[in-house]
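Only this structure's heavy atoms are used, side chains among them; waters, hydrogens and symmetry mates stay out. All values derive from a computational prediction rather than experimental measurement.
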Amino acid sequence: MRKRLRLSNLNKVYFPESGYTKRNLLAYYYRMADFILPFLRDRALVLRRYPDGIKGQAFFQKDVREGLPEWFKTVPVDSEHRGEVIQYATANDRASLLFLTGLGCIDHNPWSNRYDDLDHPDYFFFDLDPSDGTEFSAVVTIARALYEKLEELRLASFLKTSGATGIHIYLPVEPIYTYEQLRTFGEIIARTVTAEHANLVTSERIVAKRPAGRVLIDVQQNAHGRPLAAAYSVRAFPQAPVSAPLLPRELRPSLRPETLNIETVFARLKDKGDLWGDFWKRRQRLEQAIELLSNRMPSRTKKAP
DNA sequence: GTGTTAG
DNA sequence: CTAACACAACGCTTG
DNA sequence: CAAGCG
Ligand SMILES: [Mn+2]
Ligand SMILES: [Mn+2]
């Protein structure tokens, strides 16, 4: 099918500090479609729209039943909250991705489950959030520790900058676990890393109370209807940063996430390839890791002689 | 960003 | 005609 | 229940 769309306000500056326009943003997604679409397809999307750029008033949108081209696919999901169906946007092809970007969506935020199975996500992520005034090197240290822990557990994981101030570590999983099971599993791993880096990690969720210089290992975003900016998504910050896939060896204190943006990602792609290209070939079960974890953790019931 | 309403 | 206005979320934890 | 967070 031939999918037509009209794009407006192409010269509007979306990123005033760096000067990037809506046209620059659309061009980025046009060129990157093959790389980002695998992480958007078959999922409900939560829209965050910035029709006047990153300094303008932004808003969320879930229901998109109005103003769509006839070819645009939406997916109905029962909302417990509203007691009625919400028609969520989807992006299974480049035209849909560009249409949504044209609405002012700078970042693209998919659910962690495909719409054919609302209760079983096919990945889990650790969201590393530094508090204000934390060196990025602290995030890097914790990301490395987590990555190595996952390696020990024989789990495949994938790294990316969040595009904001943190790092995301994803585990592709077979869609057979619930969100709650995955959060519990992730929390156990987070605690073992916390124990080994107590000076760099906080579990304080209230921003104002979070000690400076520390990183929150957040697993709570792994929940029904709670999306996260996808790999290769642009983020609404001054330099138009991208949530950029990383090699493990890039986890060094010199890493500057804001330098990975809508201009520089193409050179990385040429240089390093699509670092998340095998993501969907690596969906895994967790039983073996759970067993390794329980063997490593001495049973509390065991008494000293 | 868009569609509708008020002036 | 032009401009103002209306409209566009919610899951989960903690206190 | 509301606040806080993302
Ligand atoms: Mn984060
Ligand atoms: Mn977070």
**Student:** When the distance from NE2 of His224(A) to P of dG11(C) is rounded to whole Å, what number comes out?
**Tutor:** 8 Å
**Student:** Taking atom P of dC10(C) as reference, at what distance in whole Å does atom CG of Leu45(A) sit?
**Tutor:** 15 Å
**Student:** Count the heavy atoms belonging to other residues, nucleotides or ligands that lie under 6.0 Å from CD of Glu152(A), then report whether that count exceeds 12.
**Tutor:**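 For Glu152(A), atom CD is crowded (more than 12 foreign heavy atoms under 6.0 Å).
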**Student:** Is the CZ atom of Arg183(A) crowded by more than 12 outside heavy atoms at less than 6.0 Å?
**Tutor:** yes
**Student:** Can Glu151(A) and Arg144(A) be counted as an ion pair, charged N to O under 4.0 angstrom?
**Tutor:** no
**Student:** Going by heavy atoms closer than 4.0 Å, what residues in residues 94-121 of chain A are next to DNA chain B?
**Tutor:** Gly102(A), Leu103(A)
**Student:** Give Arg48(A) one of three labels, base, sugar-phosphate or nothing, depending on what nucleic acid heavy atoms sit under 4.0 Å from its own.
**Tutor:** nothing
**Student:** Using a heavy-atom cut-off of under 4.0 Å over every strand shown, decide if Lys209(A) touches base, sugar-phosphate, or nothing.
**Tutor:** nothing
**Student:** Quickly work out the Gln220(A) CD to dG4(D) P distance and round it to whole Å.
**Tutor:** 16 Å
**Student:** Looking at dC10(C), I'd like to know if its phosphate oxygens (OP1 or OP2) sit under 4.0 Å from a side-chain N or O belonging to His81(A).
**Tutor:**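 Yes, within the criterion.
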**Student:** Considering all heavy atoms of both residues, which atom of Arg235(A) and which atom of Ser162(A) are nearest to each other, and what is their separation?
**Tutor:** NH1-O, 2.7 Å
**Student:** Closest to the Ala223(A) side chain: dA8(C), dG11(C), dC10(C)?
**Tutor:** dG11(C)
**Student:** Verify whether the ring centers belonging to Tyr232(A) and Trp276(A) lie closer than 6.0 Å.
**Tutor:**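 Aromatic pair excluded; centres sit 6.0 Å or further apart.
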**Student:** Between atom CD in Glu204(A) and atom P in dC5(D), what is the gap in whole Å?
**Tutor:**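 Rounded to whole Å, this separation is 9 Å.
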**Student:** Rounding to an integer number of Å, can you tell me how far Leu128(A) CG sits from dG6(D) P?
**Tutor:** 14 Å
**Student:** For Asp132(A), is there an ion pair with Arg210(A) - N to carboxylate O distance below 4.0 angstrom?
**Tutor:**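 No, this pair does not count.
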**Student:** In whole Å, measure the gap between the P atoms of dA9(C) and dG4(D) for me.
**Tutor:**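 To the nearest whole Å, 23 Å.
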**Student:** Please report the distance, rounded to the nearest Å, between CG in Asp218(A) and C1' in dG4(D).
**Tutor:**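 That distance rounds to 13 Å.
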**Student:** With a non-hydrogen cut-off below 4.0 angstrom, is Val207(A) in contact with a base, only sugar-phosphate, or nothing?
**Tutor:** sugar-phosphate
**Student:** By nearest atom, which of the nucleotides dG4(D), dC12(C), dT13(C) is closest to the Ile206(A) side chain?
**Tutor:** dG4(D)
**Student:** Between dG11(C) and dG1(B), how many Å separate the two P atoms, rounded to a whole number?
**Tutor:** 28 Å
**Student:** Do Phe39(A) and Phe279(A) have ring centroids that are under 6.0 Å from one another?
**Tutor:** yes
**Student:** Out of dC10(C), dA9(C), dC5(D), which nucleotide sits closest to the side chain of Gln61(A)?
**Tutor:** dA9(C)
**Student:** Would you kindly give the CD-to-P distance between Glu187(A) and dC12(C), to the nearest whole Å?
**Tutor:**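 To the nearest whole Å, that distance equals 15 Å.
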**Student:** Take atom C1' in dA8(C) and the same atom in dT4(B), then report the distance between them in whole Å.
**Tutor:** 15 Å
**Student:** May I ask you to verify if any side-chain N or O of Arg226(A) is less than 4.0 angstrom from the OP1 or OP2 atom of dC10(C)?
**Tutor:**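 Negative; the distance criterion is not met.
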**Student:** Under 4.0 Å between a side-chain N or O of Arg210(A) and OP1 or OP2 of dG6(D)?
**Tutor:** yes
**Student:** If you only use heavy atoms from C-beta on, which nucleotide in dC10(C), dA8(C), dG11(C) is closest to the side chain of Ile86(A)?
**Tutor:**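 Per side-chain heavy atoms of Ile86(A), the pick is dC10(C).
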**Student:** Taking 5' to 3' order, which nucleotide of DNA chain B is first and which is last to have an atom within less than 4.0 Å of a heavy atom in chain A?
**Tutor:**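 Range of nucleotides within reach of chain A: dG1(B) to dT2(B).
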**Student:** Taking C-beta and beyond as the side chain, do Val234(A) and Phe15(A) meet within less than 4.5 Å on heavy atoms?
**Tutor:** yes
**Student:** Does OH in Tyr30(A) sit with more than 12 non-hydrogen atoms of other residues, nucleotides or ligands closer than 6.0 Å?
**Tutor:**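 No.
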**Student:** Is Asp116(A) atom CG crowded by more than 12 heavy atoms from other residues, nucleotides or ligands, each under 6.0 Å away?
**Tutor:** yes
**Student:** Categorize Tyr14(A) for me: base, sugar-phosphate, or nothing, with a 4.0 angstrom heavy-atom threshold over every strand shown.
**Tutor:**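 Contact class for Tyr14(A): sugar-phosphate only.
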**Student:** Report the distance from atom CG of Leu47(A) to atom P of dC10(C), rounded to the nearest whole Å.
**Tutor:** 12 Å
**Student:** Across the strands shown, which category fits Asp63(A) at heavy-atom distances under 4.0 angstrom: base, sugar-phosphate, nothing?
**Tutor:** sugar-phosphate
**Student:** Would one find more than 12 heavy atoms of other residues, nucleotides or ligands at under 6.0 Å from atom CD of Glu287(A)?
**Tutor:**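 For Glu287(A), atom CD is crowded (more than 12 foreign heavy atoms under 6.0 Å).
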